[in-house]
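Here the structure comes first, spelled out in structure tokens, and everything after it is commentary.
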Amino acid sequence: MTPLELAVRGGAVPWPELPSEVVGLLVALGAPARLGAHLRAVYAVARDLTGWLGVAHPAVVFDREAVLFGAATHDIGKVLHPEELSVPGTRHEPAGERLLLERGVPARLARFAGTHGSWHGPRAGVDDRLVSLADKVWKGHRVEDLEQLLVRRIAGVSGIAVWEAFLSLDDRLQELAAGADDRLAFQNGFPV
């Protein structure tokens, strides 16, 4: 197995593999192994987060498959901007969305590459914010304004108090953040 294949399919981690269509795309693009490892870590968190949300707050409507695809591809633009694998930058966001569109990915799925860093943007809905949240909490990073957008949504559609929605989401995010060290170690075990 190549380092990329190990990152997206193997390794000594109990996380799900990336979807086969995403693996094929990453291999075809010659994606760095570290990018594959990052996408797998975020995808694993998104699976957990969306699974929890669907059970804990079933009134919140979202497209789980779209969120999971978005989590699995959100940083694909870093294939074109590999420097952003190790230094902050946003050029990968519009580049990733264009890249996915050029590869025939429907716009409703390609958009996550462009929206994951702008959860206040006009295109950002619940699905986009779930991808953004998974992309933050995978490394233990908590972003209050992003979380509050989801808390208000949960409270509004579930008919519960905002503080109840906050406690529910906060508990789940704390549990997810607790695994951040393992996810970071996994990602950093692969070359850029």
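In this chain, numbering begins with 1 at the start of the sequence shown.
- Contact detail for G96 and A113: the closest heavy-atom pair is C-CB, 3.6 Å.
- Counting heavy atoms from C-beta outward, L68 and V131 have side chains that stay 4.5 Å or more apart.
- Salt bridge annotation for R129-E147: absent, with no cationic side-chain nitrogen under 4.0 angstrom from a carboxylate oxygen.
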Next item on the list: Dump the intermediate steps for side chain to side chain contact (heavy atoms under 4.5 Å, CB included) on D63 and R108, then the final yes or no.
Entry: CA-CA 11 Å; D63 183 340; R108 70 179 191 80; 3.4 Å; yes
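- Separation of atoms CG (L149) and OG (S132) is listed at 9.5 Å; rounding is to 0.5 Å.
- Atom OG of residue S118 and atom CD of residue E93 lie 6.0 Å apart, to the nearest 0.5 angstrom.
- If you take CZ on F190 and CG on N188, they are separated by 10.5 Å, rounding to the nearest 0.5 Å.
- Under the 4.0 Å criterion applied to side-chain N and carboxylate O atoms, D128 and R123 are not assigned as salt-bridge partners.
- A single hydrophobic cluster is seen to contain both L130 and L173, as judged by linkage of ILVMFWY side chains at heavy-atom distances under 4.5 Å, directly or through other members.
- V60 and W163 end up in the same hydrophobic cluster when Ile, Leu, Val, Met, Phe, Trp and Tyr side chains are linked at under 4.5 Å.
- Within the 4.5 Å cutoff, side-chain heavy atoms of H116 are placed close to those of D75.
- The aromatic ring centroids of W15 and Y43 lie 6.0 Å or more from each other.
- W138 places a side-chain heavy atom less than 4.5 Å from the side chain of Q187.
- Taken to the nearest 0.5 Å, the CD atom of Q148 stands 9.0 Å off from the CG atom of L169.
- Ionic pairing of D170 and R142 is present here: one or more N-O contacts between side-chain nitrogen and carboxylate oxygen are shorter than 4.0 angstrom.
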Margin query: Go through it in stages, so that I can follow the logic: the residues are L176 and L49, the test is side chain to side chain contact (heavy atoms under 4.5 Å, CB included), and I'd like the CA-CA distance, side-chain angles, deciding distance and then a yes or no.
Written below: CA-CA 8 Å; L176 288 169; L49 180 63; 4.2 Å; yes
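- Atom-to-atom distance recorded for E97:CD and L109:CG is 11.0 Å, nearest 0.5 angstrom.
- Nearest heavy-atom pair, L18 versus L39, reported as atom, atom and distance to 0.1 Å: CD2-O, 3.8 Å.
- Smallest separation of non-hydrogen atoms from R40 and A7: CD-O, 3.0 Å.
- Side chains of I76 and L100 form a contact here, defined as non-hydrogen atoms less than 4.5 Å apart.
- With a 4.5 Å cut-off on side-chain heavy atoms, P32 and L4 do not count as touching.
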Check: Stepwise, does the side chain to side chain contact (heavy atoms under 4.5 Å, CB included) test hold for V61 with V126?
Finding: CA-CA 8 Å; V61 176; V126 172; over 6 Å; no
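- I154 is not listed as a side-chain neighbour of F166, based on a closest heavy-atom distance of 4.5 Å or more.
- Taking the side chain as every heavy atom from C-beta outward, H57 and S168 approach each other to under 4.5 Å.
- By the rule that hydrophobic residues join a cluster once side-chain heavy atoms approach within less than 4.5 Å of another member, V192 and V87 end up as members of separate clusters.
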Notebook entry, point to check: Stepwise, does the side chain to side chain contact (heavy atoms under 4.5 Å, CB included) test hold for V8 with E17?
Noted result: CA-CA 6 Å; V8 298; E17 296 179 359; over 6 Å; no
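- Heavy atoms only, all atoms of each residue included: A46 and A71 are closest at CB-CB, 3.5 Å.
- Both W52 and F62 belong to a common hydrophobic cluster when Ile, Leu, Val, Met, Phe, Trp and Tyr are linked at side-chain heavy-atom distances under 4.5 angstrom.
- Salt bridge present: R172 and D48 bring a charged side-chain N and a carboxylate O closer than 4.0 Å.
- V22 and L101 are not part of a single hydrophobic cluster, where members link through side-chain heavy atoms under 4.5 Å apart.
- Under the 4.5 Å side-chain criterion, counting only non-hydrogen atoms from C-beta, L133 is not in contact with W119.
- Exactly one of K139, R183, K78, H74 qualifies for a side chain to side chain donor-acceptor pair (under 3.5 Å) with H38. That residue is H74.
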Check: Going through the checks in order, is the side-chain hydrogen bond (donor to acceptor under 3.5 Å, both in side chains) test met by H141 and D135?
Finding: CA-CA 9 Å; H141 189 203; D135 187 37; over 6 Å; no
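- Rounding to the nearest 0.5 Å gives a distance of 13.5 Å between OG1 of T115 and NE2 of H120.
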